[in-house]
2 protein chains.
Amino acid sequence: MAAHAKLKPQVNNRRDLVLEIAAGFFVRKGFNGTSIRDIATAAGMLPGSLYYHFPSKEALLVAVFEEGVARISAAVDAALAGCPGGAWDRLQAACEAHLAALLEGSDFAHVIVRVIPQDAPGAAEELVKLRNAYETKFAALVAALPMPTDANPSLLRLMLIGALNHVPLWYREGGETPSSLARRFIANLRFAQDCSATRKEETWP
Amino acid sequence: MAAHAKLKPQVNNRRDLVLEIAAGFFVRKGFNGTSIRDIATAAGMLPGSLYYHFPSKEALLVAVFEEGVARISAAVDAALAGCPGGAWDRLQAACEAHLAALLEGSDFAHVIVRVIPQDAPGAAEELVKLRNAYETKFAALVAALPMPTDANPSLLRLMLIGALNHVPLWYREGGETPSSLARRFIANLRFAQDCSATRKEETWP
DNA sequence: CAAAAAAACAAACGATTGTTTGTCTATGTG
DNA sequence: CACATAGACAAACAATCGTTTGTTTTTTTG
């Protein structure tokens, strides 16, 4: 690293603090239930000061979304890196990381599930793009599964993601861990595909 | 019925129109993304006039929720009435009715999935109560399933409801019908439980 | 240390929010 | 007809919204 390589790293700006606080509010009160003043006050600054860091409230949401997608993507990638197993094992590892990020990670990942594009029409297009970029990972993982020929891979993916993203609405700490929940979800689907494949092709080992 | 039995029936008030328009806005813009003026204008009246029918915006949401729960409950009950089949068949029929109500029915049923209690703190308790009253039906249907002893019925229910309620976020008309989707969802879970039970108890017929 | 850039303050802008109040007009009843 | 009630209008209320502007403070840099 050159001597003048301090292009961006620097010590943390207040910008990062604002992002984190905004994520918390967006998760707990929703995008339209959160005001610029809520965020500014919690960050110990005045409403107008936020506009030095972000040109608009929707741009702030996009920035939070980007960070959320980056974090949950990194968590899933890390889990997959140490998982040389079969296709089902890899999908399970991804689901465990996904759920852990949603329930135990920072609020960033949670935002991309709590806030939907319709909540911020001006940013909707970009939010969808970010979300899709992440979910592509799951499409690849599902595509690698051995499945009966009449099954619909993308439907299995949507079903799984729906079940996973619904968890934050009922999850209570102290019960089953996120990983345990993810494993159960996969188990509920895995045997189904195996059995179905068997019935179709009559090749049970 | 006595001669003066006109306690409530009457011809439809404008109240019903307001409820329907509110449901539409709540579904498309969210609760906090919808203003009293949005609803009033669409109903052809002035903002203040809504307060003759409903004491507050949150009370209006509760009324919409009640109608939504009533309608989707009726749809599921009707489907179950003509379904004397096994436990899995009955659960499938309920899911078909649930999904059809969400995707093809009025906006009322959709609201109870789109708006979450956190969006209206003052009404949260009541919204949760209404939602739970409905989901109890599914708990009963799942409890009737033949499942391996180590399986978690309520987890299966939550997984299924999560998958179903996620559909409105990606559903596009012209593809598979709501009923078809529900059947596929159930198929994905059904064989899983069957196979798992078999492995556990070694009693495959 | 001096100049420049970054970051926050202070104060307000117009617009919109949910809601209230008082008045008016239908409609049906005795 | 007289009258009561239902239902909507008209107008405003204080509060809060996202945002802008000009200035001041803090930090970095040459």
Side-chain angles (χ1 to χ4, degrees), chain A residues 2-22 25-26 28-64 115 118-124 126-127, chain B residues 2-22 25-26 28-64 115 118-124 126-127:
Chain A
H4 54 295
K6 261 203 302 182
L7 289 181
K8 276 294 169 97
Q10 229 164 349
V11 281
N12 271 353
N13 303 349
R14 283 296 260 310
R15 184 183 193 272
D16 293 347
L17 175 64
V18 171
L19 275 178
E20 194 162 316
I21 290 175
F25 272 98
F26 291 161
R28 268 164 280 281
K29 316 256 286 177
F31 179 70
N32 285 308
T34 300
S35 74
I36 287 290
R37 281 169 180 80
D38 287 337
I39 299 167
T41 300
M45 43 203 283
L46 296 179
S49 304
L50 293 196
Y51 287 81
Y52 173 77
H53 301 282
F54 309 97
S56 70
K57 190 189 177 189
E58 291 191 334
L60 168 57
L61 174 62
V62 170
V64 170
V115 177
Q118 284 184 6
D119 290 335
E126 201 151 0
L127 299 185
Chain B
H4 56 295
K6 261 203 301 181
L7 289 180
K8 278 293 170 100
Q10 230 163 351
V11 282
N12 272 354
N13 303 349
R14 282 297 259 309
R15 185 183 192 272
D16 293 348
L17 174 65
V18 171
L19 275 178
E20 193 161 315
I21 289 174
F25 272 98
F26 290 160
R28 268 166 279 280
K29 316 257 286 178
F31 179 70
N32 285 308
T34 300
S35 74
I36 287 291
R37 281 168 180 80
D38 288 336
I39 300 167
T41 300
M45 44 204 284
L46 296 179
S49 304
L50 293 196
Y51 287 82
Y52 173 79
H53 301 283
F54 308 97
S56 71
K57 189 189 177 189
E58 290 190 335
L60 169 57
L61 173 62
V62 170
V64 170
V115 177
Q118 283 184 8
D119 291 334
E126 201 151 1
L127 300 185

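By convention in this document, chain letters (A, B, ...) are assigned in the order of the sequence lines, proteins followed by strands, and residues within each chain are numbered from 1.
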Inset, instruction - Return no unless some side-chain N or O of B:Tyr52 is found under 4.0 Å from OP1 or OP2 of D:dG7. - result: yes
Legend entry - Shortest side-chain distance from A:Pro47, nucleotide among D:dT19, C:dC9, C:dT19: D:dT19
Legend entry - C:dA6 phosphate, OP1 or OP2, under 4.0 Å from A:His53 side-chain N/O: no
Legend entry - Contact under 4.0 Å: A:Asn13 side-chain N or O vs C:dA6 OP1/OP2: no
Inset, instruction - State, with a plain yes or no, whether a side-chain heavy atom of B:Glu58 is found less than 4.5 Å away from one of B:Pro121. - result: yes
Legend entry - Nucleotide D:dC17, atom P - distance to CG of A:Asp38 in whole Å: 6 Å
Legend entry - Distance, nearest 0.5 Å, that separates CG of A:Asn32 from NZ of B:Lys29: 9.0 Å
Legend entry - Residue-phosphate contact under 4.0 Å: B:Arg14 side-chain N/O, D:dG7 OP1/OP2: no
Inset, instruction - Grab the CD-C1' distance between A:Glu58 and D:dT19 for me, whole Å please. - result: 13 Å
Inset, instruction - Would you classify B:Ser35 as touching base, sugar-phosphate or nothing, given that sugar-phosphate means primed atoms plus P, OP1 and OP2, and contacts are heavy atoms under 4.0 Å? - result: sugar-phosphate
Inset, instruction - Choose from C:dA10, D:dT20, D:dC9 the nucleotide whose nearest atom is closest to any side-chain atom of B:Leu46. - result: D:dC9
Legend entry - Whole angstrom value for the distance that separates P of C:dT17 from CD1 of B:Ile39: 11 Å
Inset, instruction - May I ask you to verify if any side-chain N or O of B:Ser49 is less than 4.0 angstrom from the OP1 or OP2 atom of D:dG7? - result: no
Inset, instruction - State which of D:dT19, C:dG18, D:dC9 makes the closest approach to the side chain of B:Lys57. - result: C:dG18
Inset, instruction - Can you tell me the distance, in whole Å, between the CE atom of B:Met45 and the C1' atom of D:dA8? - result: 7 Å
Legend entry - Rounded distance (nearest 0.5 Å) linking atom CZ of B:Arg14 with atom CD1 of B:Ile21: 8.5 Å
Legend entry - Rounded distance [0.5 Å steps], CD1 in B:Ile36 versus CZ in B:Phe25: 11.0 Å
Inset, instruction - In whole angstrom, give the distance that lies between atom CZ of A:Phe54 and atom P of C:dA8. - result: 11 Å
Legend entry - Atom-to-atom span, CG of A:Asp16 to C1' of C:dA7 - whole angstrom: 14 Å
Legend entry - Side-chain-base donor-acceptor pair under 3.5 Å for B:Arg37 and C:dG18: yes
Legend entry - Whole-Å distance separating the CG atom of B:Leu17 from the C1' atom of D:dG7: 14 Å
Inset, instruction - Measure from OH on A:Tyr51 to P on D:dT19 and round the result to the nearest Å. - result: 3 Å
I'd like a table of donor-acceptor pairs (distance under 3.5 Å, sequence neighbours excluded) in which one partner is a side-chain atom from residues 41-55 of chain B, with atom names and distances.
residue, atom, partner, partner atom, Å
B:Thr41, OG1, B:Arg37, O, 2.8
B:Ser49, OG, B:Leu46, O, 3.4

